[in-house]
Number of protein chains: 2
Amino acid sequence: MEHARITSLQVAERAGVSQSAVSRVFTPGASASAKTIAKVRKAAEELGYRPNRVARTMITGKSRIIGLVVAYLDNQFYPQALEHLSNALQEKGYHVLVFTATNSPEKVEEVMRDLLDFQVDGIITASVAVTSDLTVRCNAAGIPVVMFNRDQDGADVNAVTSDNVNGGRKVAEFLVQCGHRRIAHISGWDGSSTGRDRRRGFSEGLAAHGHKPHQIIDGMYNRDTASQATRDLMDSLTPPDAIFVGNDHMAFAVMDTLRHELGLKIPQDVAIVGFDDVPLAAWPSYDLTTVRQPLNRMVEATVDMVIAQIDEGVIAPRRVAFDGPLIRRSSTRQPKGQET
Amino acid sequence: MEHARITSLQVAERAGVSQSAVSRVFTPGASASAKTIAKVRKAAEELGYRPNRVARTMITGKSRIIGLVVAYLDNQFYPQALEHLSNALQEKGYHVLVFTATNSPEKVEEVMRDLLDFQVDGIITASVAVTSDLTVRCNAAGIPVVMFNRDQDGADVNAVTSDNVNGGRKVAEFLVQCGHRRIAHISGWDGSSTGRDRRRGFSEGLAAHGHKPHQIIDGMYNRDTASQATRDLMDSLTPPDAIFVGNDHMAFAVMDTLRHELGLKIPQDVAIVGFDDVPLAAWPSYDLTTVRQPLNRMVEATVDMVIAQIDEGVIAPRRVAFDGPLIRRSSTRQPKGQET
DNA sequence: CACTGTTTTGCAAGCGTATGCAATGAAGGG
DNA sequence: CCCTTCATTGCATACGCTTGCAAAACAGTG
């Protein structure tokens, strides 16, 4: 019943060569004469042989599997990132073992342990904070860790992000140019580098024009929190006339709350700017002005970084930040002097 | 430099027992005295030993990895499914190796081959059609394949879906009750069982009340196609007064097109019903009436099915379809006699 | 043809674990 | 105290492959 798996030995017998010959034919970079290659290929074909990756992993210590730790799959940015990462890695012969983790340090710890058991060649964490202790241990084990869309101040880690500080600054400048003076910020989670950097860039950007944030509330990258923050902001004698929201995911909640709960118009009553430029931001229902994170370049850089460090065996922490453009849509007014 | 991995042998030496003893301590169901267990646990703790899953896989033939083949990550339903599946499997000690595949048979073929190389214990395909030839080969290799949210007529495969026929029927009945008479359908891809079943249920449901579909267009589960279909439907002397859309993902595009391109009101001018009940459907911007696919139960059933077949070793094709409720929201009117 | 340099090839040793088997020891009954 | 029974333990092997090493085949040169 059990269709026994074909091994290299069986192929060897049928081809009339040694088992090592078979192995060499299927090992890129090994030497074999044209004649044996032909014989082995034929026999393998006939038997339907495929090398056993597990056995190969045992020997070489390389699994060609990358562990991906991911947290917020309800934010459209991450499925998208997952898809791109998976495809890019597949292209290079790697595959993705997915772990979901809430953002509690213990859970992440546990997940990373598990990951190491699987002999993954590298780890990518998407918006998940990793204690530097943990990355040290991974590095000691020769396993590169790259943080995608998150950074860790001070720690010696690999990180690929967009230029969040600059992004925040761009938003500030743009909103000032649009004539706004009471600009609030529902920030990304303060425990995340992205959240902090965007907030900082925003504050700096306003300061450069002699302004100050009207109010800042931590939205925790959470829809409900962002909605509540919106209510709190607007329930004031001097509500903001523009809100920069820490990411698109929250911005949608903010827009929903403003329009359907508070009955306000966007951008007439309040202008909204997000961050990420997920596909949903371009849908007409939201049509959200936002800072685009250059997903393709970020993914490419992440994949290159992991693979380079796997190949070189050296892990010299690197960090990259890509600049992303501000995409203007109808959730904001035209800047002064550009009205149509 | 290279922090060598700790092996069971080193633990054995430190604990003063044989390597087999160590193995047995870490193998559930193996026998060892309380004393050795203590000694081994202690030594393992001190050295930071963790059993090597790859070596274990070599011996047992079980990797505790499930391959997940997924296609449409831009439809929110699938990230959600992915997250739930991953969590449910993690809970049972399994992990998920993700493969993305376009829905071309060749690509799927290639992906499944790869998957087998990794010695996965089972395969879950999410909305991906698998040739029965392929499942036969997997079964021959003793690897269960479960299709999630898709079925294959006639073939001997495992499938977990919601009751799509009945769901379509419910929509038809509801829309008739609301007083609609020109009810169109932008159907799910005709090459998918879900698309066909929903369409069939819808047609049957209308027929049961003596009605007929106003018009049916294949939306291919694609936003652009659905938008175009919407334009085509509405550009008529007798446009529909209600549209049942094959899934939420397309329904959002339809709503966007109706409102922002054609300037129509929902549900006053046209009522819209979707299918899936993704989180986005509950957001106030859409507030879409839709048939809920009972994700939790579907995931649970899928996981149970895979694991049962792994454990039993027997692969007796099973198929389950869960009934899902119609969730009424403001994209449709109140049914006759229930107006407030 | 002898000699050297270069491929190609087979042999055999492992990679880290699980497990059948036989040996050991402990426990219990008479 | 002896014999039986059963749980525990160690030994040795196997899982399917890669790879260092040395022998063998080949090619090229004078």
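Computed from heavy atoms alone, side chains included, the values below leave out hydrogens, waters and symmetry copies. Just so it is clear: chains get the letters A, B, ... in the order the sequence lines come, proteins before strands, and each one is counted from 1.
- Interatomic distance, A:D114 CG to B:R64 CZ, rounded to the nearest 0.5 Å: 11.5 Å.
- Residue A:Q10 contributes atom CD, which lies 11 Å from atom C1' of D:dG16 at whole-angstrom precision.
- Atom CD1 of B:I59 and atom P of C:dT19 are 8 Å apart (whole Å).
- With C:dT19, D:dG16, C:dG10 as the candidates, the nucleotide lying closest to the side chain of A:V17 is C:dG10.
- For the pair B:I6 CD1 and C:dT17 P, the interatomic distance rounds to 10 Å; values are reported in whole Å.
- Atoms CZ and CG, on B:R5 and A:L116 in that order, are 7.5 Å from each other to the nearest 0.5 Å.
- Between B:E13 atom CD and D:dG10 atom C1' the separation is 14 Å, expressed in whole Å.
- Near DNA chain D, defined here as any heavy-atom distance below 4.0 Å, there are no residues from residues 112-119 of chain B.
- Computed from coordinates, the A:R5 CZ to D:dG16 P distance equals 9 Å when rounded to whole Å.
- Side-chain contact check for A:S23 and A:Q19: no donor-acceptor pair (N or O, by modelled atom type) lies under 3.5 Å.
- Heavy-atom minimum distance, A:V157 versus A:R319: O-NH2, 3.7 Å.
- Note: CG (A:L9) to P (C:dA12) measures 14 Å, nearest angstrom.
- With no hydrogens or angles considered, a side-chain donor-acceptor pair links A:N87 and B:T100 at under 3.5 Å.
- Nucleic acid contact for A:V54: none, since no nucleic acid atom lies under 4.0 Å from a heavy atom of the residue.
- Taking atom NZ on B:K62 and atom C1' on C:dA18, their separation rounds to 15 Å, with Å as the unit.
- Side-chain nitrogen and oxygen atoms of A:S8 include at least one within less than 4.0 Å of the OP1 or OP2 phosphate oxygen of D:dC17.
- Distances shown here put every side-chain N or O of A:R56 at or beyond 4.0 Å from the OP1 or OP2 atom of D:dC17.
- Side-chain contact annotation: A:Y72 with A:S127, donor-acceptor N/O pair under 3.5 Å absent.
- Between B:D117 and A:R53 there is no salt bridge, since none of the side-chain N atoms of the basic residue sits less than 4.0 Å from a carboxylate O of the acidic one.
- Cation-pi check for A:R41 over A:F26 is met; the charged atom lies under 6.0 angstrom from the ring centroid and within 45 degrees of its normal.
- Atoms CG (A:N52) and C1' (D:dG16) sit 6 Å apart, rounded to a whole Å.
- The line from CZ of B:F118 to CZ of B:F99 is 5.0 Å long, rounded to the nearest 0.5 Å.
- A heavy-atom distance below 4.0 Å to DNA chain D is reached by these residues of residues 18-38 of chain A, ordered by number: A:Q19, A:S20, A:S23, A:R24, A:T27.
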